[in-house]
Each structure stands twice: as C-alpha cells, then as structure tokens.
Amino acid sequence: MPRAQSDTKAEIRDVAVELFGRQGYERTSLREIAERLGITKAALYYHYPSKRDLLAALVEPLVTEAEHLLQRHSEGVGAEQLLGEYFDLCVRHRGLMLAVLNDLTALSESGLVESVMSVRRRLDALLVGEEPGTPARMGAVIALGGIQDIAVMLPAHEAAGHRDRAVQIAMAALRCGTEPGHAD
C-alpha cells in the first residue's frame with residue numbers, strides 16, 4: 001500500500017532529525033535517510049529538493065514555537081511558567097537541538113545556531129531585563145542552560161519526568177543571581 005504524501009514527509013523529517021541528532025548534519029546523507037525509510041533517493045528529492053530544504057523544514061516549527069513562546073511572555077507571565085514552557089519546547093525539539101550540538105560549525109551556516117542564540121538572548125531578557133548586572137545574567141544563563149541541557153541530554157521520557165524539579169532548580173539559580181548583596 002503506497003504511503004500518503006504527508007505521511008512520507010513526516011517520516012522523512014522524523015528520520016532526519018534522529019540521524020542528524022545522533023550522527024550530525026554533515027555526516028548524514030540523503031541516501032542514508034532514504035534507505036532507512038525504504039524509499040528511493042528520487043522520492044526523497046521529490047519531497048525535499050536538497051538537504052538544506054529538509055533542514056529548513058525541521059527548523060521552521062522550532063522557530064515558530066519559540067516566537068510564540070516569546071510573544072506570550074513578552075507581557076510578563078512569570079519566570080517559572082516561562083522556564084517550564086521553554087523546557088517543554090526543548091523536549092519537543094530535542095533531536096534538532098542535539099543536531100546543533102553535534103554539528104555546530106555546519107549548522108551555523110544555515111542560520112539555525114543564530115536563531116537558537118537569539119531566542120536564548122530574548123529569554124534571558126525576559127527573565128532578568130535588558131541590562132541586568134552580572135550576577136543576574138549568570139543566574140539566567142545557568143537557568144536557561146540547565147533547562148535546555150536536561151531537556152535535551154536526558155532521554156525524552158526521563159526528561160519529562162523531571163520537568164518540575166528542573167524548573168525549581170532553574171528558579172533557584174535565578175533567585176541566587178538576583179538576591180540582594182550580590183553586587184556586580
């Protein structure tokens with residue numbers, strides 16, 4: 001029975017994210033993705049004319065979700081909720097984030113690394129303001145980096161089970177950076 005076109009596109013994206021995350025973007029070929037799916041390379045090219053097009057299709061949902069997260073919190077909803085939603089975003093896109101970590105140089109050319117860094121800078125500003133002192137900035141960096149690392153480095157099912165604790169630890173890092181008596 002032939003596959004539905006939308007199913008094939010989704011399957012291609014799923015396999016690509018898995019392989020990019022495990023092997024890196026540069027070390028994964030379109031041929032390898034096609035073979036893993038049991039389709040021809042020509043069929044893969046029908047859906048994604050190039051590896052860059054496939055990468056763009058993988059990046060778009062992450063960027064869109066991150067923008068929505070930033071917009072929802074631009075009015076200030078609270079650090080704990082923001083960190084929890086950022087954790088969830090990282091878990092949902094852990095394969096792509098692993099690909100970034102595995103292939104930073106190659107993916108920097110795609111604009112993905114800059115997109116991720118831009119989101120992090122904007123999240124940082126939402127947490128501690130545009131021009132915080134060094135201790136507050138350190139708290140935000142540790143909070144966001146810790147949330148991202150736990151969500152991405154642990155297996156997805158395990159990370160989800162530790163979400164609330166990860167958010168509480170991130171909140172502690174934020175509080176430590178903003179406690180009175182910590183001068184710049």
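Quick caveat: nothing in here was measured; it's all calculated off a predicted structure. Numbers here simply count residues along the sequence, with the first being 1.
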To the nearest 0.5 Å, atom CG of Leu62 lies from atom CZ of Arg94 at 14.0 Å

Would you give the length of the straight line joining atom CZ of Arg31 to atom OG1 of Thr40, rounded to the nearest 0.5 angstrom? 13.5 Å

Polar side-chain atom of Lys41 near backbone of Ile33 as donor-acceptor pair, under 3.5 Å: no

Count the heavy atoms belonging to other residues, nucleotides or ligands that lie under 6.0 Å from CD of Glu131, then report whether that count exceeds 12. no

Separation between CG of Leu37 and CD of Glu11, rounded to the nearest 0.5 Å: 6.0 Å

CZ on Arg122 to OG on Ser74, rounded to 0.5 Å: 9.5 Å

Could you give the distance from OG1 (Thr28) to CZ (Arg22), rounded to the nearest 0.5 Å? 8.0 Å

Spatial distance of atom CZ (Arg13) from atom NE2 (His47) [nearest 0.5 Å]: 10.5 Å

Would you confirm whether His93, through its side chain, and Leu89, through its main-chain N or O, come within 3.5 Å as a donor-acceptor pair? no

Should we count CD of Glu60 as having more than 12 external heavy atoms under 6.0 Å? yes

Examine the side chains of Glu114 and Ser118 and answer whether a donor and an acceptor come within less than 3.5 Å of each other. no

Any side-chain heavy atom of Leu144 sitting closer than 4.5 Å to one from Tyr86? yes

Any side-chain donor-acceptor pair under 3.5 Å between Gln81 and Glu85? yes

